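Okay, structure first, notes after.
Everything quoted here is computed from the prediction, not taken from an experiment.
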Amino acid sequence: MNLHRLRTIIGIELRQRVRSVGWYVLLGIFAVILVALLSLSFAAFSLTTGGSEWFFSLVIMLVLLLTLLVSPTLSGSAVNGDRDAATLAPVQVTLVTTSEIVIGKFLAAWISGLAFLVVALPFLVVATLAGELNPGAIVTSLLILIIEVGVVAAIGVGLSAVIARPIFSVASTYLLVAALTVGTLIAFGLGGAALRTQTTTISRDVDWNAVPLGCDLSSPSTSPNCPSYDELPCVESSYVSEQPRFDRVWWILAANPFVILADATPPTYENGNPTDLFSQIAAGVRSAQLSPEETTSYDGCTLSRGLNVDDYPSTEERIAGTTPSWFVGLFFQLLLAGGLLAWGISRTKTPAKRLPPGTRIA
C-alpha cells in the first residue's frame, strides 16, 4: 500500500466534503446544541460538586450520538456513490489499488466524523477547567470515542462497497448501527423478561390490627390504657413472585457503543454513588450481571423501631467483583468493521467476474 496514493484518495474525499454547504450546516447545528447544553448544565449542576463531570460525559455521549446519526450518510455511499457518478472507474484504471481506494475512503469518513469532536473541544475544555476531573476518564473516553467513530465509518464504507445501490447501503448502515444501539437494548430487555425465575420475599411488619379501637399511639398521654409502640406484636408474611433474569443476557449490551464508552472509562464515585454519566451507565450494566436472590427479607419492625440494622450497600459496593465487558464488545465491533471492509475490497476489485444487474462501470 502506497502512502502517497492513499493520501491522495483521502485528500480528494475530504475536499468533496469541505465544498459541501450541508457539512458546515451540520457542524453549526451541533455547535448550537452544545451551547444550549452548556447553558443548561450550568443551571442544573453546581460545578463545584461534580457538575462538570456530568457535563463532560454528556458532551462525549452527545458527540457519539450525533456521529452515529450522521456518519452513515457520509460513509454509506462512499464507493457505490462514486460508481453511480462514473467517477470510480477512472480512479480504478490508475496505479491506485482497490485496497487503497476503500481504505482511503474509510479514513476520510473517519476524519469527517472526528470533525464533530473538534467542534466539541472548546466545550470539553470548559468542562475540564471548571472542575477536577479524573485524567484517566478524560483520556480513555476520548480514545474510545475516536475508535467508535472509526468503527461506524468502516461499517458504512464496507457496506457501500458490498451493496450496489447507495440508498440501500445507507439504509443498511443505519439498520446495523440501530441494531448495535437500540437493538441490543431491546434484546436485553425482552431476553431478561423472557427468562424469569421465582423468588420468595419474606416481610415482617407491625400488626396494626392489634391496636385497640380508640387508641392513639401518637399521643400516649391521652391513651393510658393503650399498649406502647414497642409492645405491638409483629406479623410475618411471604409471597412468591417472578423476577427477570438479566444476569443471563447482560452480555448482549457489550456490543452497544454507549456501553463500551461508559464501561471502558474509569468510574468516579462519591460516597459510593456515581458522579458522572459514564459511571452511571457502567454501574447499571454491571448490576445486570448480578442474579436475583432466591429469598429476600424485609424487617419493617426493626426499621420502624430504630434498632440497629445493616445499611444497604452502595452502588460501588454492590457491583464490586463484576466483570467489565467493554473489550469484548469492542473486539466484536472491530471484527465486524474489519470484515465488512475486507468484503468490500473483494467486491470492488477489478476486473470483476460478476456485477449486480444495472451496475454502472464507466
Test of understanding: clusters of I, L, V, M, F, W, Y form through side-chain heavy atoms closer than 4.5 Å, transitively. Do [X] and [Y] belong to the same one?
X: W250; Y: V182; result: no
X: I281; Y: I186; result: no
X: V119; Y: V35; result: yes
X: V285; Y: L290; result: no
X: L143; Y: L65; result: no

Shortest non-hydrogen contact between [X] and [Y], atoms and distance:
X: A262; Y: M61; value: CB-CE, 4.0 Å
X: A288; Y: F188; value: CB-CZ, 3.8 Å
X: R245; Y: R196; value: CG-C, 4.1 Å
X: V170; Y: S77; value: CG2-N, 4.1 Å
X: A120; Y: V59; value: CB-CG1, 4.1 Å
X: T200; Y: S238; value: CG2-CB, 4.5 Å

Under the side-chain contact (heavy atoms from CB on, under 4.5 Å) criterion, do F327 and I260 qualify, and how do the steps go? CA-CA 8 Å; F327 54 89; I260 293 175; over 6 Å; no
Which distance, rounded to the nearest 0.5 Å, do you find between the [atom1] of [X] and the [atom2] of [Y]?
X: L341; Y: S99; atom1: CG; atom2: OG; answer: 10.0 Å
X: F258; Y: D263; atom1: CZ; atom2: CG; answer: 15.0 Å
X: L64; Y: S71; atom1: CG; atom2: OG; answer: 10.5 Å
X: S57; Y: L62; atom1: OG; atom2: CG; answer: 11.0 Å
X: F332; Y: W251; atom1: CZ; atom2: CH2; answer: 10.0 Å
X: L340; Y: L335; atom1: CG; atom2: CG; answer: 9.5 Å

Side-chain contact, heavy-atom cut-off 4.5 Å: [X] with [Y]?
X: R248; Y: S291; value: no
X: L261; Y: I60; value: yes
X: L195; Y: P244; value: no
X: F278; Y: P266; value: no
X: V240; Y: T199; value: no
X: Q198; Y: Q243; value: no

Check against side-chain contact (heavy atoms from CB on, under 4.5 Å), L336 and V151: CA-CA 9 Å; L336 175 64; V151 167; over 6 Å; no
So, the side chain of [X] versus the backbone of [Y]: is there a donor-acceptor pair under 3.5 Å, distance only?
X: Q289; Y: T323; result: yes
X: T265; Y: A137; result: no
X: R347; Y: G344; result: no
X: N80; Y: S160; result: yes

Contacts under 3.5 angstrom, residues 103-116 side chains, donor-acceptor by atom type, not counting sequence neighbours:
from: K105; atom 1: NZ; to: E13; atom 2: OE2; distance (Å): 2.4
from: K105; atom 1: NZ; to: A78; atom 2: O; distance (Å): 3.2
from: K105; atom 1: NZ; to: D82; atom 2: OD2; distance (Å): 2.3
from: W110; atom 1: NE1; to: I146; atom 2: O; distance (Å): 2.9
from: S112; atom 1: OG; to: R17; atom 2: NE; distance (Å): 3.3
from: S112; atom 1: OG; to: A108; atom 2: O; distance (Å): 2.9

Looking just at side-chain N and O atoms, do N256 and T184 make a donor-acceptor pair shorter than 3.5 Å? yes
Residues passing the salt bridge (Lys or Arg N to Asp or Glu O under 4.0 Å) test with E100, sequence neighbours excluded, are R5
Could you tell me whether F331 atom CZ has more than 12 heavy atoms of other residues or ligands within 6.0 Å of it? no
Between L117 and V149, does a side-chain contact (heavy atoms from CB on, under 4.5 Å) hold up when you go through it step by step? CA-CA 10 Å; L117 181 58; V149 173; over 6 Å; no
Please list, one pair per line, the donor and acceptor atoms closer than 3.5 Å that link side chains of residues 171-180 to other protein atoms, with sequence neighbours excluded.
from: S172; atom 1: OG; to: F168; atom 2: O; distance (Å): 2.7
from: T173; atom 1: OG1; to: S169; atom 2: O; distance (Å): 2.8
from: Y174; atom 1: OH; to: L69; atom 2: O; distance (Å): 2.6
from: Y174; atom 1: OH; to: T73; atom 2: OG1; distance (Å): 2.7

Show the numbers, then the answer: is there a side-chain contact (heavy atoms from CB on, under 4.5 Å) between F30 and V63? CA-CA 9 Å; F30 178 62; V63 173; 3.4 Å; yes
